[in-house]
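See below for the structure under consideration.
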Amino acid sequence: MPDDLLDARRRKLQNIVQLERDPYGRRFPDVVANDAIRARAEALNLSPGQTAEAERVTAAGRITLLRNMGKLAFLHIRDSRADLQIGVSKKAVSESDWAVLEQLDLGDIIGVTGAIGRTKTNEVTVWVNSLTILSKCRQIPPEKWHGLSDVDLRYRRRYVDLFTNPEVMKTFRDRIAIIDAIRDHLRKLGFLEVETPALQPIYGGAAARPFTTHHNTLDIELFLRISPELYLKRLLVGGMERVFEIARNFRNEGMSPRHNPEFTMLELYQAYGDLSDMMDVTEGMISSAIAQLDGRHERQFGDQTINYTAPFKRRTYGDLLREHAGVDLRDHNAVFEKAKSQHLLNKLAKDPNRAARASSAADLGIDQAIIANELFEATVEPYLIQPTFVTEYPAELCPLTRRKPDDPTLALRFELYVAGMELANAYTELNDPDIQRQTMSQHLQGEGDETMRVVDEDFLLALEYGMPPAGGLGVGIDRLVMLLTNSQSIRDVILFPLQRPSQNT
RNA sequence: GAGGGCGUAGCUCAGUCGGUAGAGCAACGGCCUUUUAAGCCGUGGGUCCUGGGUUCGAGCCCCAGCGCCCUCACCA
């Protein structure tokens with residue numbers, strides 16, 4: 001039973017009330033951030049044991065360490081950037097303040113004012129002359145040394161994770177910095193940041209199963225967006241030449257270290273641009289993000305070292321397949337036999353016997369390009385460690401994309417791979433409404449699954465008004481943050497990842 | 001959805017061959033005015049994930065369930 005632990009804290013809270021002090025505090029102005037106080041101490045050039053009596057500061061934070069020696073106490077308080085040691089001498093504070101100090105626990109939030117100094121052991125310390133409790137912590141914080149490491153608890157109680165594990169706070173501060181840098185970069189390029197519906201009567205722009213919901217007043221079924229694409233393109237029709245949205249997308253699919261049901265995607269469209277512009281934008285954005293962090297273009301991700309110095313490698317799909325799988329994309333038979341020998345057909349055929357008997361893609365009723373792509377994913381993807389733009393995808397894999405003028409079997413698309421992960425995806429967009437209508441309907445037929453899919457007639461109508469030729473780009477923001485912060489799971493870069501609700505908490 | 005791993009004190013973790021449930025931190029009482037995972041003396045703290053089963057006896061073995069993690073499947 002943890003009751004005795006909780007009771008002890010509740011008792012101390014009562015003691016504070018009895019001292020006529022408010023255990024939950026109030027406005028506490030002029031707080032200086034811990035790292036700023038440390039910087040000031042640095043600038044003062046104090047020698048060990050010295051205190052700059054005139055350098056008074058106000059500090060506040062959560063107690064992460066508390067050592068009371070009876071008449072002198074050292075505590076560490078933490079804010080979102082740093083820890084700071086404070087020293088409280090019984091002689092230097094009021095009787096009431098000292099009495100409050102004796103009722104403090106790890107996890108309490110306090111505010112102090114005092115002079116900046118250094119201890120004999122050279123630790124920067126604020127020597128307190130007044131102390132205020134700002135919030136009593138009535139739960140038990142995790143252990144000071146190991147912190148909170150149970151991953152389930154870390155996600156369920158992210159607030160505890162954040163204040164006990166500074167590297168977690170750092171990761172999320174970095175996430176914020178990365179997104180800020182991307183916004184700045186795009187605005188400087190003249191992109192307008194827009195917001196489009198997350199509740200959509202017809203979903204589109206990606207092949208994924210949506211979440212469904214219902215609007216009571218209109219009494220209609222709605223879908224949570226799987227992509228903002230079709231709305232952003234409407235804005236191109238409307239005359240916004242450069243638009244972007246940092247959109248939360250929702251996909252009712254499986255979860256993995258690289259997939260969360262809701263995730264953040266940057267999508268942007270640039271009128272009069274194409275694939276090569278999208279490469280420039282991608283490289284520029286990532287460089288800006290890195291500059292906003294520590295500026296290091298060479299970064300660790302797990303046991304890999306990745307170099308983000310632009311320009312990134314550019315390789316064609318066909319070249320990569322030839323290099324890693326040893327087959328020519330156009331040699332359908334070789335592709336088929338190679339895929340068969342690698343046991344890649346079973347899952348496509350959904351029946352091992354049928355896969356074993358088949359001697360061509362047609363036998364399985366599967367498009368040739370699908371088999372090639374299976375081979376690509378198995379043999380090429382794992383080796384795309386350094387940032388690589390993969391270009392010239394087989395057109396069948398991306399029916400909604402404009403084709404290469406001099407070779408209509410290839411699509412004007414690239415995917416950016418880093419560390420074997422798909423990080424970005426870009427196209428020279430299709431703006432011919434007739435071709436778009438045709439490919440959308442074909443795509444529908446190919447999807448014959450249980451999910452409802454409807455051609456978005458209003459989108460096609462918009463195209464008929466005329467959409468400028470454009471480049472389009474999508475970047476998985478969570479994955480980018482994973483890569484730049486060396487986080488192995490998408491859940492480590494999403495503050496509150498989806499967890500099954502638990503009964504106990 | 002399939003396979004594998006894990007679940008012991010508030011936290012981080014031990015637990016041997018199936019034989020009385022352990023440590024550190026945290027907590028409680030006491031001492032301590034320069035600590036750095038502070039120190040010293042003393043005390044308390046358990047639904048061993050849940051439910052069955054085997055056994056004289058289960059934290060440990062078996063079955064089922066729950067939760068989490070990983071791999072795969074799903075997924076422009």
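Lettering of chains follows the sequences in order, A, B, ..., and the numbering in each one begins at 1.
When distances are taken from the side chain of A/V151 to each of B/rU12, B/rC68, B/rA76, the shortest belongs to B/rC68. Of the candidates B/rC68, B/rA76, B/rC11, B/rA76 carries the atom nearest the A/Y427 side chain, counting heavy atoms from C-beta on. If you check B/rA26, B/rU35, B/rA76 against the side chain of A/T125, the one that comes closest is B/rU35. Out of B/rA76, B/rU34, B/rG44, the shortest distance to the side chain of A/W127 is found at B/rU34. With B/rA26, B/rC11, B/rU34 as the candidates, the nucleotide lying closest to the side chain of A/L153 is B/rC11. Of the candidates B/rU35, B/rU33, B/rA27, B/rA27 carries the atom nearest the A/A8 side chain, counting heavy atoms from C-beta on. Nearest nucleotide to the side chain of A/R156, out of B/rG24, B/rA76, B/rC68: B/rC68. Listed candidates were B/rA27, B/rC25, B/rC75. Nearest to the side chain of A/H259 is B/rC75.
Under the Watson-Crick or G-U wobble criterion, with both distances below 3.5 Å, B/rG39 is paired with B/rC31. The partner of B/rA58 cannot be assigned: no Watson-Crick or G-U wobble pair with both contacts below 3.5 Å exists in any strand. Base pairing analysis places B/rA64 opposite B/rU50; the two distances defining the Watson-Crick or G-U wobble pair are each below 3.5 Å. Across every strand in view, B/rC25 sits in a pair with B/rG10 that passes the Watson-Crick or G-U test at under 3.5 angstrom. Summarising the base pairing, B/rC72 is matched to B/rG1 through a Watson-Crick or G-U wobble pair whose two defining distances lie under 3.5 Å.
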| task | Check step by step if salt bridge (charged side-chain N to carboxylate O under 4.0 Å, His left out) holds for A/E42 and A/R40. | result | CA-CA 5 Å; A/E42 223 37 66; A/R40 246 165 100 177; over 6 Å; no
| request: Evaluate the ring pair (Phe, Tyr, Trp, His ring centres under 6.0 Å) criterion for residues A/F211 and A/F223: first the C-alpha distance (whole Å), next the side-chain angles of each, then the deciding distance (0.1 Å), finally the verdict. | output: CA-CA 6 Å; A/F211 289 90; A/F223 304 95; over 10 Å; no
| field | Derivation of the salt bridge (charged side-chain N to carboxylate O under 4.0 Å, His left out) call for A/E253 and A/R209 | value | CA-CA 7 Å; A/E253 308 278 359; A/R209 280 183 297 177; 3.8 Å; yes
| Verdict with reasoning, A/Q14 to A/I16, per side chain to side chain contact (heavy atoms under 4.5 Å, CB included) | CA-CA 5 Å; A/Q14 285 310 318; A/I16 291 167; over 6 Å; no
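Of the two residues contacting RNA chain B, namely A/S89 and A/L106, the nearest-nucleotide position lying further toward the 5' end is that of A/L106. Both A/W145 and A/K90 lie near RNA chain B, and the one whose nearest nucleotide falls closer to the 5' end is A/K90.
Within 4.0 Å of A/L397, counting heavy atoms only, lies no atom of the nucleic acid at all. Among the atoms of the strands shown, base atoms are found under 4.0 Å from some heavy atom of A/N68. In this structure, A/K71 reaches the bases: a heavy-atom distance under 4.0 Å links it to at least one base atom across the strands shown. At a threshold of 4.0 angstrom between heavy atoms, the contacts of A/P257 are confined to the sugar-phosphate backbone, with no base atom among them. Among the protein residues, A/T119 comes within range of the nucleic acid bases, having at least one heavy atom under 4.0 Å from a base atom. Using a 4.0 Å heavy-atom distance criterion, A/G147 is classed as a sugar-phosphate-only contact. When heavy atoms are screened at a 4.0 angstrom cut-off, A/R258 is found touching no nucleic acid atom at all.
For the residue pair A/Y231 and A/D456, no side-chain donor N or O sits within less than 3.5 Å of a side-chain acceptor on the partner. Looking only at atom types and distance, the side chain of A/S96 has no donor-acceptor partner in the side chain of A/S94 under 3.5 Å away.
One atom, CD of A/Q488, and another, P of B/rC69, lie 15 Å apart when rounded to the nearest Å. Going from atom CZ of A/R209 over to atom P of B/rC74 covers 11 Å, rounded to whole Å. Note: CG (A/L72) to C1' (B/rC31) measures 15 Å, nearest angstrom. Between A/K120 atom NZ and B/rU34 atom P there is a gap of 6 Å when expressed in whole angstrom units. Rounded to whole angstrom, the span from the CD atom of A/E102 across to the C1' atom of B/rC31 amounts to 14 Å. The distance between atom CG of A/D152 and atom P of B/rC70, rounded to the nearest whole Å, is 12 Å. Taking atom CZ on A/R10 and atom P on B/rC28, their separation rounds to 14 Å, with Å as the unit. A/E123 has its CD atom 10 Å from the P atom of B/rA37, to the nearest Å.
Comparing B/rU55 with B/rC74, their P atoms are spaced 46 Å from each other, to the whole Å. Here the separation of B/rU8 from B/rG44, taken at their P atoms, is 24 Å to the nearest Å. Only the C1' atoms considered, B/rG57 is 12 Å distant from B/rU20, to the nearest whole Å. For the P atom pair drawn from B/rC6 and B/rG15, the interatomic distance equals 12 Å after rounding to whole Å. B/rC11 and B/rA26 have their C1' atoms separated by 7 Å, given to the nearest Å. As rounded to the nearest Å, B/rC13 and B/rC49 have P atoms that lie 15 Å from one another. Separation of the P atoms belonging to B/rU50 and B/rG59 is 11 Å when rounded to the nearest angstrom. Spacing between B/rC48 and B/rG22 at atom C1', rounded to whole Å, works out to 12 Å.
When the side-chain nitrogen and oxygen atoms of A/R500 are compared with OP1 and OP2 of B/rC68, one or more of them lie within a distance under 4.0 Å. The shortest distance between the side-chain N/O atoms of A/R491 and the OP1/OP2 oxygens of B/rC69 is below 4.0 Å. Listed pair A/K144 / B/rA26 meets the phosphate criterion, a side-chain N or O lying under 4.0 Å from OP1 or OP2. Phosphate proximity of B/rC69 to A/Q499: present, with a side-chain N or O under 4.0 Å from OP1 or OP2. OP1 or OP2 of B/rC28 lies within a sub-4.0 Å distance of a side-chain N or O belonging to A/K12.
Using cut-offs of 30° and 60° for the angle between ring planes, the A/W127 and A/F74 rings count as perpendicular. Between A/Y383 and A/H324, the ring-plane angle classifies as parallel under the 30° and 60° cut-offs.
You'll find a donor-acceptor pair under 3.5 Å spanning the side chain of A/Q85 and the base of B/rU35, going by distance alone.
Distance CD/A/E267 to CD1/A/I477: 11.0 Å, rounded to 0.5 Å.
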